[in-house]
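The block underneath contains the structure these notes are about, expressed in structure tokens.
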Amino acid sequence: MVGRVGAGTLDLTEVHRFPNTPVRVGSTLHWDILALYRGVLEGLHAAGRFAGGPPAGVGIDSWAVDYGLLDADGALIGNPVHYRDGRTGSATAKVARALSPTALYAATGLQYLPFNTVYQLVAAQGTPALAAARRLLMIPDLVSYWLTGEAGTELTNASTTQLVDPRSRDWARPVADTLGIDLSLFAPLRRPGDPAGQLLPEVLAETGLAGPAPVPVTAVGSHDTASAVVGVPAHGDRFAYIATGTWSLAGLELDAPVLTEDSRRANFTNELGVDGTVRYLRNIMGLWLLQECLRTWDSQGRTYELDELLRRAAESAPLRSVVDAGDPEFIAPGRMPERISEACRRTGQPVPRDAAETTRCVLDSLALAHRRAIMDAQRLSGRTVDAVHIVGGGAHNELLCRLTADACGLPVVAGPAEAAALGNVLVQARTAGAVAGGLADLRQLLCETQDLRRHAPMGDRTAWERAEARIADGRDAHRQRTGGKDEQPRG
């Protein structure tokens, strides 16, 4: 993405797009990191051709929690493992035995997710790869290292490891010591806006960006949600955000973490944001549910145009069946339509009869999860909100935006869809002096330049309350079946 930023100007252009396809080798699911890096190099080349020369700077953001290991020579030790791989199954119990969930949350404020970096590292203990490693770099930091030759650990992404204290904004060393995790593997922490090096000569040559001036790389909110929250076009602080895509990250922007036991039980996370902020949010399964349904149907020879499927879903009966979009049973890929049907059957609800009803079930369920997260975030933080901002890919999904407004009983502002890229560009531009001010100033520029759509809440809120009660009844039934032995809280 190429951004142009100045007084009253904020334009974004997509110049290159490439697939991100995981690869299973044996029983392990990996990221194809070299293919991704090739895509980055091709993208830089395309950016230079589009702009007619080298860019003023580069910033990198990606997903969270995953990492690459480097040996003593700085060479990558194997492909990074995908967070949806099942290797952390026994590690979660091992961590809980060494450090109670209550103590871990009080120290790090991070929501329980079985793929958090802390569980990945405990699962990797005793492996030859970890024994040989001399450096660990989160995914955006790994790409930055290959581009610049300089290693660092950007703070917003580091905060997703469950190894950072959100109060000190530094490593939670007692947690690492208790779990036997060597923090010296991590490169020094960087903050958004810090310099992260310059493109290496060989990178400049390969991408066609060689010129009279160096091309700086700037640390941005390298966790894409951190950049997306910068890209929320809000006024003041009485807003909630939902960064939508594969995941829905729903919550509030706060000045300080909420580390109460109630917050832990509600499965809220305190991830660090730009300019000293805290992203107080809950991870919800997001449009992954629909993406996986589409993949399954496509593999069965049933290909659907998304726009037509959403039109049919809008015409389907509302709230006929709903599932818990925060249930960990939906994390793994495969068989998603069948798994949704099984969840409906298990909770005594009608099973979706076709793809349109399955899609409506997914979107109603996501709207319910958004409602639950935003209500809980206000209750737990003491901060009330007047509007909900939906940014990211889900901002294009008009049905999801409308259902979220109805479920929350709050106006929804949809857009921009590329909030993460815009937040990335704005932090770079501020560092370069193209814009000035704090988050409020950056967001004012967004409000002035981006196309936004507004959805007012409509309909009967009691229908959503009854649907929420069905979700709660399903959770109660699950606890009865398992004897109340759920190891961790569920959103």
Side-chain angles (χ1 to χ4, degrees), residues 1 3 12 20 31 33 36-37 39-40 43-44 55 57-70 80 83 110 115-117 120 135-164 166 169-171 185-199 203 215-232 243 245-247 249 253 269-279 281 283 391-392 418-432 439 442:
M1 307 294 283
L12 198 66
N20 180 2
W31 295 106
I33 192 66
L36 296 180
Y37 183 62
V40 169
L44 288 171
V58 174
I60 303 161
D61 64 83
S62 85
W63 66 95
V65 305
D66 289 334
Y67 59 86
L69 297 173
L70 305 180
Y83 65 82
L110 213 65
F115 47 70
N116 288 343
T117 315
Q120 294 196 42
R135 178 66 74 213
L136 181 155
L137 293 175
M138 308 299 285
I139 296 297
D141 298 322
L142 177 62
V143 174
S144 179
Y145 172 70
W146 282 340
L147 292 175
T148 67
E150 296 188 23
T153 305
E154 193 279 317
L155 183 61
T156 69
N157 214 324
S159 73
T160 72
T161 63
Q162 213 160 7
L163 290 167
V164 167
R169 305 178 79 85
D170 202 348
W171 297 112
L185 284 171
F186 290 87
L189 288 171
R190 293 170 173 156
R191 269 65 177 172
D194 286 351
Q198 300 173 351
L199 295 186
V203 172
V215 178
V217 176
T218 298
V220 297
S222 72
H223 182 195
D224 51 10
T225 309
S227 281
V229 174
V230 174
V232 171
T246 300
W247 291 87
L249 298 313
E253 183 176 74
T269 203
N270 294 270
E271 297 173 355
L272 299 182
V274 172
D275 287 2
T277 58
V278 172
R279 292 174 285 126
L281 61 88
N283 285 56
V391 298
E418 296 293 352
L422 287 164
N424 177 323
V425 163
L426 283 169
V427 170
Q428 289 189 67
R430 187 174 63 177
T431 298
L439 290 176
L442 302 184

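- A distance of 6.0 Å separates CG of Leu442 from CG of Leu439, quoted to the nearest 0.5 Å.
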Worksheet item: Can you list the steps and then say if Val425 with Leu422 is a side-chain contact (heavy atoms from CB on, under 4.5 Å)?
Response: CA-CA 5 Å; Val425 163; Leu422 287 164; 5.7 Å; no

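- In terms of modelled atom types and a separation under 3.5 Å, the side chain of Asp141 and the main chain of Glu154 share a donor-acceptor contact.
- Classification of the Trp31-Tyr83 ring pair by plane angle, with boundaries at 30° and 60°, yields tilted.
- Here the shortest heavy-atom pairing between Ser144 and Val217 reads OG-CG1, 4.0 Å.
- Judged as a side-chain hydrogen bond (donor to acceptor under 3.5 Å, both in side chains), and not counting sequence neighbours, Thr269 has no contacts.
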Scan the side chains in residues 187-197 for donor-acceptor partners under 3.5 Å anywhere in the protein, sequence neighbours excluded, and list what turns up.
residue: Arg191; atom: NH2; partner: Arg169; partner atom: O; Å: 3.0
residue: Asp194; atom: OD2; partner: Arg191; partner atom: N; Å: 2.7

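- Counting heavy atoms from C-beta on, the side chains of Tyr67 and Thr161 never come closer than 4.5 Å.
- For Thr117 (side chain) and Val65 (main-chain N/O), a donor-acceptor pair under 3.5 Å exists by modelled atom type.
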Worksheet entry | Leu272 vs His223, side-chain contact (heavy atoms from CB on, under 4.5 Å): CA-CA, chis, key distance, verdict | CA-CA 9 Å; Leu272 299 182; His223 182 195; over 6 Å; no

Practice prompt. Go through the steps for Leu147 and Leu44 under the test side-chain contact (heavy atoms from CB on, under 4.5 Å), then give the verdict.
Written response: CA-CA 11 Å; Leu147 292 175; Leu44 288 171; 4.0 Å; yes

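- Side-chain rings of Phe115 and Trp247 approach one another, their centers coming within less than 6.0 Å.
- Nearest heavy atoms, Phe186 versus Met138: CE2-SD, 4.5 Å.
- Going from atom OG1 of Thr277 over to atom CD of Glu271 covers 11.0 Å, rounded to the nearest 0.5 Å.
- Side chain of Gln428 to main chain of Val58: a donor-acceptor pair is present (N/O by atom type, distance under 3.5 Å, no hydrogens or angles).
- One finds the OG1 atom of Thr246 at 10.5 Å from the CH2 atom of Trp63 (value rounded to the nearest 0.5 Å).
- Note that CG of Asn424 and CG of Asp224 are 10.0 Å apart. Values are rounded to the nearest 0.5 Å.
- Considering CG of Asn270 and CZ of Arg279, their distance stands at 10.5 Å, rounded to 0.5 Å.
- Counting only distance, with no hydrogens or angles, the side chain of Thr160 and the backbone of Asn157 share a donor-acceptor pair below 3.5 Å.
- Val220 approaches Ser227 most closely through the heavy-atom pair CG2-OG, 4.3 Å.
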